[in-house]
Amino acid sequence: MAEQRYDPNEIEPRWQELWANERAWEVSNDPGEQGTGTRGGSHDAYYVLEMLPYPSGEPHIGHLKCYAVGDAIAHFNRRLGRRVLHPMGYDSFGLPAENHAIKTGVHPRDSTAASISSFQRQFRSWGISIDWSREFATHEPRYYRWTQWIFLQLFGAGLAYRKEAAVKWCPKDQTVLANEQVVDGHCERCGALVEVRQLEQWFLRITDYAERLLGDLEEIDWPEHVKTMQRNWIGRSEGAEVIFRCEELGVDYPVFTTRPDTLFGATFFVMAPEHPDVLRLVADTEHEQAVRDYVNHALTESNEDRGNAEKQKTGVPLGRTVTNPVNGEQIPMYVADYVLMEYGTGAIMAVPGHDERDHAFAQAHDLEIRRVIEAPNGSSEDGEENTLPYAGDGPLVNSHPDFDGINNRQALAKIVAWLDREGKGHSSVNYRLRDWLISRQRYWGCPIPIVYCESCGIVPVPEDQLPVELPDIEDFTPKGRSPLAAAEDWVRTKCPSCAGPARRETDTMDTFVDSSWYFLRYCDAANEQAAWEEEALRQWMPVDQYIGGVEHAILHLMYARFFCKALADLGHLDFQEPFSALFTQGMVTKDGAKMSKSKGNVVSPASITERYGADTARCYILFVGPPDQDADWSDDGVEGVHRFLGRLYRLASAIAEHEDDQPAGPDAQDADLQIQRKTHWAIDKVSHDLRRFAFNTAIAAVMELLNECSRLREQASAETLRFALSQGASLLFPFAPHLCAEVYEMLSGKRVWEEPWPQADQGLLERETYELVCQINGKVRDRVMASAEASSQELVALCTAAPNVRAHLDGKEIVKEIVVAGKLVNLVVR
RNA sequence: GCGGCGGUGGCGGAAUGGUAGACGCGGAGGCCUCAAAAGCCUCUGUCCGAAAGGGCGUGUGGGUUCGACUCCCACCCGCCGCACCA
């Protein structure tokens, strides 16, 4: 038997070339027409998509993991007879390319193109089964033309608007940021401390969709932690809006509260320093100077300092009062930085008896602290329930004869109903979610298709003039305004409405806009007349399986859902959710730490692929552990997987040379049956494991099958070995496509990717005899062979007859017999 | 503080309430070889024991059960998200 050396560098390019030449993974939008390489049979459409890569430098190991997962799913579904859409593109606008340009002078278009071709090369060398006919990059005018078109749709519907607001500004990247891009007061990208600036910017009205974004999470098959993160981010709170009137000025100040039941305990009123009325309230009063000083100080404070809950509660009186609507009391007004302008109405009623923060402020400023909720029947083991602030439930006290004595949760509803009747408030829902700020003062992004006309104001660029192309510029350095502003020839334009002089918008869009709809474009990527044909979307959308890193749990995944709903409302789509199922893959670390250039612990997929081949790299990354968990890279582990693939190849090549009628060993029947059983067991196991993303145990099952074949190699018939190994290759194909195509062809002469997924023979999954576990009081004492047909009585008899069971019974009384047919007998003895 | 996820050999990890530790790595011994590499074979949770066998063992403490890594309660630790959100 000749054994051949496993040489992935010879095998892999050969299959890649064949698949490329045959356009094996292209799929048509016409359900009647088969994609060149796809199987006939069912016309079931299946859309599997990995999050599109940002092309910077070379792909890293995280990309390999993501696409190894996606490709396994794609192949598995193809072989289940589905028409699988598995496309690829690039999220190619963005800051890193622009920062690179500032440093080196290389145009972002050039560095991006270089990186894209490097990604293309590697994806091909990994053998990922992509429909390349649908490929695009988001910086191409043929794509961003439609990004602009979507912006205009949103603008037309009032969902894109311009507003002056206090916005987050990154001093290093010299641009504003969305709320979602600020992490702990720092820029998500570069880590610089974020400042606040008052600027007029473009926003998308995602808050209109807060309720639906929250509610529809129920409809989708996403990991619980991602849903939770989105729920937290949306931050829905139920409560009431209550009006506090400042009689002196005749102004109503609504506040949002989740605790209207504590209204009778409101002893003061606090406004955020940014509240537009603060200075007006103190104008020309003795308090004016102190308030001005305080507000100025608060505004210059860093987000980090201000956000610190441990900090001393500061604030100054405004010298005014408002009326507590439930009891007519005049309560003093303050300005304090613990109240945030961006949440609720920017003003609060303060209930120091039942809110920790208000309590701290009241103590610091010597304000009345009133108990209005009693802790339930004085159950004060440690006395804590009786101290204030008390945030728990209980009956109302010191409130009003109508409410005193009633449990606070019931009183809450009654008080809100009363407010409503009196016109002093109503129940209300508040969200933490803010509108999405999409303006960026940067060059390398999609231009916003808007012009500013002296007479017409804000004018959208007409659809037939799209795309508004990004002009070439020389100087990419940010100067606090968009580098595009320097392109005077481009900026100066005619008003589309009145043909008068006008200027173009010079900010570009947040790159998350680009990636909020790309999955739609794949469905109809070549369409030059429209962003998509509805029929094309009907074919594929929503995405059946989306795959990506958990770092996009909020940003990208929330924005894409919002786009989907907004476009559906505008009649462009007929579904509400873009991604029916989501899988988030874990990080790949080295020695427990995140890989990074600065740490010098980066494992490059290219070097692994060169040394071991793509099949080894892909199998290893899936074998190392559950793919949704973080995995630590181990060079020894890679060796182990490589050895396994080599053993499969060598054994298969030896068997391939055998004639099937070659005489088998003396125990051939036994060995053959064992191998056949193991084969069908593996088919069953891998099929199940693929459906639950348990790739590690699926690969382990094929290893077990190979171990069984190796062990029984001398005894079993060549025919059986040929069958077992070809099925093994067939099962492993989604993970190691090149090797398995090779092995399958060697053994069967057929193309494995055109074969249907193997079916396990139920008859061979069941066994005639099995090892019966014999327990006494739940402890395993012996094991004996039992027939599958044996009755409970027979099984008990077998068990009591087992030598070690007898030794342990030793005169004791059996009080109970538990029989689990096919598994065990447990004797309960005394 | 609130919410989510997790805690199993030397390591990565397996286990629809039914043999804990599959599979792989690492380690030990052996075969092959002039030698090495590659490959192959055996052993490998821990303690007692020559062995047979037995004790212990899935973060901690309880509970349910004939039987618990798995279910319930309380707690400890770790990771992630949100957080002065009214």
Side-chain angles (χ1 to χ4, degrees), chain A residues 3 5 183-184 223-237 239 255-259 262 266 270 272 306-311 313 336-340 342-351 354-358 360-361 391 430-433 550-551 553-554 619-620 623-626 628-641 643-644 646-647 650 685 688 694 696-707 710-711 771-783 803-804 807-808 815-820 822-829:
Chain A
E3 279 187 352
R5 205 172 70 85
V183 177
D184 290 334
E224 201 48 47
H225 66 281
V226 175
K227 290 191 187 184
T228 303
M229 279 159 77
Q230 293 217 348
R231 285 190 195 106
N232 282 345
W233 191 260
I234 294 167
R236 184 181 196 273
S237 295
V255 301
F256 174 77
T257 177
T258 54
R259 297 295 305 275
T262 63
V270 191
R306 189 166 161 194
N308 182 3
E310 308 299 305
K311 196 184 72 159
K313 294 277 175 291
D337 66 0
Y338 79 94
V339 175
L340 309 173
E342 60 266 27
Y343 188 76
T345 61
I348 62 157
M349 68 174 204
V351 184
H354 302 279
D355 181 281
E356 228 176 282
R357 297 150 302 173
D358 298 343
F361 189 86
N430 202 50
Y431 298 93
R432 211 191 70 106
L433 184 69
V550 73
E551 65 274 15
I554 294 170
C619 279
Y620 170 69
F623 178 69
V624 69
D628 56 336
Q629 282 172 33
D630 289 352
D632 202 54
W633 184 271
S634 139
D635 292 336
D636 289 337
V638 180
E639 292 275 0
V641 169
R643 274 200 289 271
F644 158 62
R647 285 174 59 214
R650 286 193 307 275
K685 172 125 183 88
H688 275 105
N696 52 333
T697 51
I699 293 168
V702 181
M703 287 177 172
E704 283 193 55
L705 174 59
L706 177 64
N707 289 346
S710 302
R711 197 168 64 81
E771 196 172 60
L772 179 75
V773 171
C774 307
Q775 296 183 333
I776 294 177
N777 290 343
K779 278 197 197 310
V780 181
R781 292 304 179 191
D782 215 333
R783 300 178 170 90
N804 203 39
H808 276 86
V815 295
K816 198 167 182 182
E817 294 157 354
I818 310 284
V819 179
V820 183
K823 285 258 161 73
L824 56 82
V825 170
N826 185 19
L827 303 176
V828 184
V829 303

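Reminder, nothing fancy here: chain letters follow the sequence lines and each chain counts from 1. All values below come from the heavy atoms of this structure, side chains included, with hydrogens, waters and symmetry mates left out.
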Is the shortest side-chain N/O distance from A:N804 to OP1 or OP2 of B:rG54 below 4.0 Å?
yes
Base, sugar-phosphate or nothing for A:G344? Non-hydrogen atoms, less than 4.0 Å.
nothing
What does A:D632 touch in the nucleic acid at a heavy-atom separation under 4.0 angstrom: a base, only the sugar-phosphate, or nothing?
nothing
Does A:T258 reach a base, just sugar-phosphate, or nothing at all? Heavy atoms under 4.0 Å.
sugar-phosphate
Expressed as a whole number of Å, how far does the C1' atom of B:rG1 sit from that of B:rA83?
8 Å
Is A:K779 touching bases, backbone alone, or none of the nucleic acid, heavy atoms closer than 4.0 Å?
sugar-phosphate
Counting heavy atoms from C-beta on, name the nucleotide in B:rC23, B:rA15, B:rA86 closest to the side chain of A:N707.
B:rC23
Taking the C1' atom of each, how far is B:rG3 from B:rG54, in whole Å?
47 Å
Given 3.5 Å as the limit, does a donor-acceptor pair link the side chain of A:R432 with the main chain of A:W233, or not?
yes
Assigned partner base of B:rG45, Watson-Crick or wobble definition, under 3.5 Å:
B:rC56
Nearest to the side chain of A:R432, which nucleotide is it out of B:rC84, B:rC82, B:rC23?
B:rC82
Residue A:K823, side-chain heavy atoms: nucleotide from B:rG55, B:rC66, B:rU16 that is nearest:
B:rU16
A:V820 has a side chain; which of B:rA15, B:rC82, B:rG18 sits nearest to it?
B:rG18
Does any N or O donor sit under 3.5 Å from an N or O acceptor when you compare the side chain of A:N826 with the base of B:rC66?
yes
Tell me what A:R236 touches on the nucleic acid: a base, only sugar-phosphate, or nothing, going by heavy atoms under 4.0 Å.
nothing
Nucleotide nearest A:I554 (side chain, heavy atoms from C-beta), chosen from B:rA86, B:rG81, B:rC84:
B:rG81
A:V828 and A:N777: which non-hydrogen atoms are nearest, and at how many Å?
CA-OD1, 3.3 Å
Quick one: look up who B:rA50 pairs with, Watson-Crick or G-U, both distances under 3.5 Å, and put none if it's unpaired.
none
Counting Watson-Crick and G-U wobble pairs only, both distances under 3.5 Å, name the nucleotide matched with B:rC31, or none.
B:rG39
How far does the C1' atom of B:rU42 sit from the matching atom of B:rG81, given to the nearest Å?
50 Å
Would you mind telling me which residue lines up with the more 5' stretch of RNA chain B, A:E224 or A:G778, judged by nearest nucleotide?
A:E224
I'd like to know if A:K823 and A:E771 make a salt bridge, using a cut-off of under 4.0 Å between side-chain N and carboxylate O.
no
Nearest-neighbour nucleotide for the A:R643 side chain, B:rC25, B:rG81, B:rG55 considered
B:rC25
Options B:rC40, B:rG18, B:rA86, nucleotide nearest the side-chain atoms of A:V339:
B:rA86
Applying the Watson-Crick and G-U wobble criteria at under 3.5 Å, what pairs with B:rA86? Answer none if nothing qualifies.
none
When both distances are under 3.5 Å in a Watson-Crick or G-U wobble arrangement, the nucleotide paired with B:rC71 is B:rG63
P atoms of B:rG7 and B:rU16, separation to the nearest Å:
14 Å
On a whole-Å scale, what distance lies between the P atoms belonging to B:rA28 and B:rA20?
30 Å
Please pick, from B:rG18, B:rU19, B:rC40, the nucleotide with the shortest atom-to-atom distance to any side-chain atom of A:R650.
B:rC40
Classify A:E817 by what it touches in the nucleic acid, base, sugar-phosphate, or nothing, heavy-atom distance under 4.0 Å.
nothing
Watson-Crick or G-U wobble mate for B:rU16, both contacts under 3.5 Å:
none
Regarding B:rG9, purine or pyrimidine glycosidic angle vs 90° from 0 gives syn
Expressed in whole Å, how much space separates the C1' atoms belonging to B:rC84 and B:rG10?
47 Å
Can you classify the ring geometry of A:Y343 versus A:F256 as parallel (below 30°), tilted (30 to 60°) or perpendicular (above 60°)?
perpendicular
Under 3.5 Å for both donor-acceptor distances, Watson-Crick or wobble: does B:rG3 have a partner, and if so which one?
B:rC80
Across all strands shown, which nucleotide pairs with B:rG9 by Watson-Crick or G-U wobble geometry, both distances under 3.5 Å?
none
RNA chain B nearest-nucleotide lookup for A:D337 and A:M229: closer to the 5′ end is A:M229
For the pair A:T262 and A:D355, evaluate side chain to side chain contact (heavy atoms under 4.5 Å, CB included) and give the outcome as yes or no after the intermediate values.
CA-CA 10 Å; A:T262 63; A:D355 181 281; over 6 Å; no
B:rU33 and B:rC69, which share atom name C1', separated by this distance in whole Å:
47 Å
Identify the heavy atoms of A:V641 and A:C619 that sit nearest to each other, and give their distance.
CG1-CB, 3.6 Å
Would you kindly give the CG-to-C1' distance between A:D782 and B:rG53, to the nearest whole Å?
11 Å
Per A:N696 side chain, nearest of listed nucleotides B:rA20, B:rG13, B:rA83
B:rG13
A:H808 has a side chain; which of B:rC66, B:rG54, B:rG4 sits nearest to it?
B:rG54
Would you find a donor on one side and an acceptor on the other, under 3.5 Å apart, between the side chain of A:Q230 and the backbone of A:A553?
yes
Please assess A:R647 against A:N707 for the test side-chain hydrogen bond (donor to acceptor under 3.5 Å, both in side chains), listing each intermediate value before the final yes or no.
CA-CA 9 Å; A:R647 285 174 59 214; A:N707 289 346; 2.9 Å; yes
What distance, rounded to whole Å, do you find between the two P atoms, one in B:rC43 and one in B:rA38?
22 Å
